[in-house]
Amino acid sequence: MRLATWNVNSIGARLPRLLPWLEAVGPDVVALQETKCADNAFPYADLRALGYEAAHAGDGRWNGVAVLSRLGVAQVSASLDGHPEPRLISAQCGPLHATSVYVPNGRALGDPHYAYKLDWLAALRERLESADPAQPLVVMGDLNVALHDADVWDIRAFSDSTHVTPAERAALQALLDWGLVDVEARPGKGEFPFTYWDYRAGMMHKNLGMRIDYVLATRAVTVRDAWVDREARKGKGASDHAPVVVDLDL
DNA sequence: ATGTCATCTTAGAGATGA
């Protein structure tokens with residue numbers, strides 16, 4: 001089975017890149033984030049033509065998450081206690097339970113959105129209590145946390161920044177401690193497995209990126225390979241995130 | 001690091017978020 005997670009930064013704008021990518025890479029289950037799309041505008045028909053059923057939660061301009069599956073989508077849930085924004089959706093995809101998450105950015109230390117981010121991550125951890133870490137389950141998405149110093153291009157540039165604070169890292173570690181493994185992709189260019197490069201200031205060209213997109217899997221899943229598709233971040237009309245692709249056995 | 005991108009408001013450029 002092949003999985004992928006991709007923050008597409010608007011599925012409407014990205015459709016000319018997303019559809020050929022799905023055909024070329026052929027993932028069985030895909031988590032998308034930042035669809036920036038209302039449910040009634042989601043391109044279900046285009047995806048169905050490629051063999052994907054979709055579960056989407058979105059209300060338009062911001063956020064929006066989806067699970068695409070060639071193995072069906074059942075038991076769809078987009079609820080997270082106390083957090084109505086469309087930032088999480090989960091579905092049973094054949095033998096695998098898959099969740100797509102778009103963790104709040106946090107904006108800046110001291111900003112109310114930073115506290116909101118930590119609350120949101122705590123709610124996600126609490127939500128795991130209703131699942132079983134002995135079952136095949138993945139949480140995939142844009143976590144907006146760099147777990148290790150090596151997950152950003154220069155930790156010294158992040159001394160007063162979100163994404164690397166002990167509190168954010170502890171919130172991510174709490175997800176792992178429940179029973180999830182951080183499926184790290186093979187190192188990419190410069191030995192860094194980055195998944196995101198800011199559009200501004202030539203960050204992609206200079207490989208000044210961050211690893212903030214994750215596949216987290218229970219130990220019931222056997223990982224065969226994992227990589228970041230940097231090609232999808234290049235050229236005209238790219239998202240600012242690259243997809244993470246994981247091959248696994250159940 | 002802040003050189004971009006996408007969307008919405010509301011008719012053309014500004015605000016917002018990342």
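Every chain is numbered from 1 and lettered A, B, ... according to where its sequence line falls, protein lines coming before strand lines.
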Student: In whole Å, what separates the C1' atom of B/dA15 from that of B/dA1?
Tutor: 23 Å
Student: Heavy atoms only, 4.0 Å cut-off, all strands: where does A/Arg156 land among base, sugar-phosphate and nothing?
Tutor: nothing
Student: Are the side chain of A/Arg186 and the backbone of A/Trp227 linked by a donor-acceptor contact shorter than 3.5 Å?
Tutor: no
Student: Are any side-chain N or O atoms of A/Glu168 and backbone N or O atoms of A/His163, one a donor and one an acceptor, separated by less than 3.5 Å?
Tutor: yes
Student: For A/Tyr214, which of A/Leu175, A/Asp182, A/Asp142 qualifies under side-chain contact (heavy atoms from CB on, under 4.5 Å)?
Tutor: A/Asp182
Student: Looking only at side-chain N and O atoms, does A/Ser10 come under 4.0 Å of OP1 or OP2 in B/dT7?
Tutor: yes
Student: Sort me out a list of protein N/O and nucleotides 14-18 of chain B N/O pairs below 3.5 Å, or just none if empty.
Tutor:
| residue | atom | partner | partner atom | Å |
| --- | --- | --- | --- | --- |
| B/dG17 | O5' | A/Arg107 | NH2 | 3.4 |
| B/dA18 | OP2 | A/Arg107 | NE | 2.9 |
| B/dA18 | N6 | A/Arg200 | NH1 | 3.2 |

Student: Please report, rounded to the nearest Å, how far the P atom of B/dA6 is from the CD atom of A/Gln33.
Tutor: 17 Å
Student: For A/Ala174, is there any backbone N or O sitting under 3.5 Å from a side-chain donor or acceptor partner on A/Arg125?
Tutor: yes
Student: I want to confirm an ordering. Mapping A/Gly202 and A/Ala238 to their closest nucleotides on DNA chain B, which one lands closer to the 5' end?
Tutor: A/Gly202
Student: Which value, in whole Å, describes the distance between the C1' atoms of nucleotides B/dG12 and B/dA18?
Tutor: 23 Å
Student: Using the P atom in both, what is the distance from B/dT2 to B/dC8, to the nearest Å?
Tutor: 29 Å
Student: Compile the donor-acceptor pairs under 3.5 Å between side chains in residues 39-46 of chain A and protein atoms, sequence neighbours left out, one pair per line.
Tutor:
| residue | atom | partner | partner atom | Å |
| --- | --- | --- | --- | --- |
| A/Asp39 | OD1 | A/His56 | ND1 | 2.7 |
| A/Asp39 | OD1 | A/Gly58 | N | 3.2 |

Student: For B/dA11 versus B/dA6, give the span between their P atoms, rounded off to a whole number of Å.
Tutor: 24 Å
Student: Is the distance between the ring centroids of A/Tyr102 and A/Trp120 under 6.0 Å?
Tutor: no
